[in-house]
Amino acid sequence: MGSIPDWKKDTNYLLMVNDLLVTPEIQRLKTIRQHHYSNRFDHSVRVSYRSYLIGRKLHLNTRALARGGLLHDLFYYDWDPQQLNFRTHAYLHAHLALKNAAALTPLSPMEADIIVKHMFGATTEIPRYWESIVVNLVDDECAIQEAIAPKFTAWKNKFLLKKIN
């Protein structure tokens with residue numbers, strides 16, 4: 001999934017999100033599959049931490065990036081495209097995540113915008129902040145890596161084994 005520093009050792013990052021990471025609502029995300037090969041907790045932390053790192057380089061609001069990124073997928077259903085089309089899911093889960101996040105912690109206007117607009121492109125709600133755009137793009141990148149990278153690795157290993165034999 002691309003090498004990035006270990007978020008568990010980044011004390012500045014942890015100061016911004018640790019109060020959320022320990023909640024049952026966030027811990028519950030570990031039980032929900034995400035993008036076929038991941039779980040929603042790992043995906044959310046990955047989006048949060050990568051967004052935070054980009055924000056540091058670009059001098060953006062790293063707290064909003066870290067917290068909004070962590071909370072962007074705070075919903076509990078396992079999406080089935082046969083039951084719910086993509087556009088409906090894109091809109092619904094972002095609004096559910098915002099509702100759940102607001103019940104969990106006070107949100108700044110920027111954090112709320114990050115959460116509800118992280119599916120821009122699939123939805124028509126235009127992000128108001130650069131931070132919202134960062135999380136939107138990082139979320140897309142992580143989703144692609146989580147869904148495709150394991151298949152690519154399996155294909156590559158299969159190809160290499162055939163070549164060796």
Side-chain angles (χ1 to χ4, degrees), residues 1-10 12-14 16-18 20-21 26 28-81 84-98 100-101 107-108 110-157:
M1 302 284 163
S3 65
I4 58 172
D6 186 358
W7 63 271
K8 293 177 185 176
K9 295 178 183 173
D10 189 328
N12 290 326
Y13 173 74
L14 290 173
M16 295 178 193
V17 297
N18 208 40
L20 299 173
L21 288 171
I26 298 294
R28 182 175 167 196
L29 298 177
K30 291 178 179 178
T31 67
I32 303 169
R33 187 174 52 121
Q34 185 86 353
H35 304 130
H36 304 290
Y37 299 99
S38 186
N39 67 62
R40 194 159 299 147
F41 176 86
D42 290 343
H43 167 76
S44 296
V45 170
R46 200 172 289 119
V47 169
S48 170
Y49 192 58
R50 286 183 180 183
S51 297
Y52 160 83
L53 292 174
I54 290 168
R56 269 192 353 199
K57 288 182 181 180
L58 298 178
H59 306 288
L60 298 175
N61 184 331
T62 54
R63 178 177 169 82
L65 285 161
R67 293 175 75 81
L70 184 61
L71 298 167
H72 82 282
D73 275 344
L74 187 59
F75 69 100
Y76 302 107
Y77 67 84
D78 188 4
W79 175 51
D80 178 357
L84 192 63
N85 72 51
F86 179 71
R87 286 204 181 277
T88 303
H89 164 67
Y91 177 85
L92 178 65
H93 93 271
H95 283 29
L96 283 173
L98 177 60
N100 292 337
L107 299 173
S108 71
M110 185 181 289
E111 291 166 345
D113 195 74
I114 287 169
I115 295 164
V116 80
K117 297 178 183 170
H118 79 273
M119 291 297 292
F120 177 67
T123 64
T124 58
E125 297 180 85
I126 299 170
R128 185 172 176 197
Y129 305 98
W130 285 111
E131 288 82 354
S132 302
I133 294 169
V134 168
V135 171
N136 176 274
L137 295 173
V138 170
D139 182 41
D140 289 348
E141 175 197 21
C142 288
I144 290 167
Q145 287 178 336
E146 291 162 8
I148 294 174
K151 289 181 181 181
F152 178 76
T153 300
W155 173 82
K156 183 175 72 174
N157 290 340

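Remember, predicted model here, so these are calculated numbers, not experimental data. Numbering starts at 1 and runs along the sequence shown. Computation of the quantities below employed the complete heavy-atom set of this structure, encompassing side-chain atoms and omitting hydrogens, waters and symmetry-equivalent molecules.
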(Q) What's the separation between atom CG in Asp113 and atom OH in Tyr129, rounded to the nearest 0.5 Å? (A) 6.0 Å
Q) Does any non-hydrogen side-chain atom of Leu70 lie less than 4.5 Å from one of Val45? A) yes
Q) Is the Lys NZ or Arg CZ of Arg40 less than 6.0 Å from the centre of Phe75's six-membered ring, within 45° of the axis? A) yes
**Q.** Ser44 and Asp73: side chain donor to acceptor below 3.5 Å
**A.** no
Q. What is the distance from atom CG of Leu65 to atom CZ of Arg56, rounded to the nearest 0.5 Å?
A. 12.0 Å
**Q.** Any donor-acceptor pair under 3.5 Å from Ser48 side chain to Gly69 backbone
**A.** no
(Q) To check you understand the geometry: which heavy-atom pair defines the closest contact between Asp42 and Asn39, and what is its length? (A) N-OD1, 2.8 Å
Q. Side chains of Ile26 and Leu74: closer than 4.5 Å at any heavy-atom pair?
A. yes
Q.
Let me confirm one number: the OH-NE2 distance from Tyr76 to His93, rounded to the nearest 0.5 Å.
A. 13.0 Å
Q. For Ser132 and Met110, which heavy atoms make the closest approach, and how far apart are they?
A. OG-O, 4.3 Å
**Q.** Any side-chain heavy-atom pair of Tyr13 and Asn18 under 4.5 Å
**A.** no
Q) Are Asp10 and Tyr52 side-chain neighbours, meaning at least one heavy-atom pair lies under 4.5 Å? A) yes
Q: Look up atom OH in Tyr49 and atom CG in Asp6, then write down how far apart they are to the nearest 0.5 Å.
A: 7.5 Å
Q.
Any heavy-atom pair between the side chains of Met119 and Asp139 that's under 4.5 Å?
A. yes
Q.
I need the Glu111 CD to Leu98 CG distance, nearest 0.5 Å.
A. 11.0 Å
Q) What are the two closest non-hydrogen atoms of Asn136 and Lys117, and how far apart are they? A) ND2-O, 3.8 Å
Q. Atom CD1 of Ile115 and atom CG of Leu107: how far apart are they, to the nearest 0.5 Å?
A. 5.0 Å
Q. Looking only at heavy atoms, which two atoms of Ile114 and Ala64 are closest? And how far apart?
A. CD1-O, 3.3 Å
Q: Could you pull out the closest heavy-atom pair between His72 and His118, with the gap in Å?
A: O-CE1, 3.0 Å
Q.
Just so I know, are the side chains of Thr31 and Arg28 near enough to count as touching, which here means a heavy-atom distance under 4.5 Å?
A. yes
(Q) If I compare all heavy atoms of Thr62 with all of Gly55, which pair ends up nearest, and what's the gap? (A) CG2-C, 3.7 Å
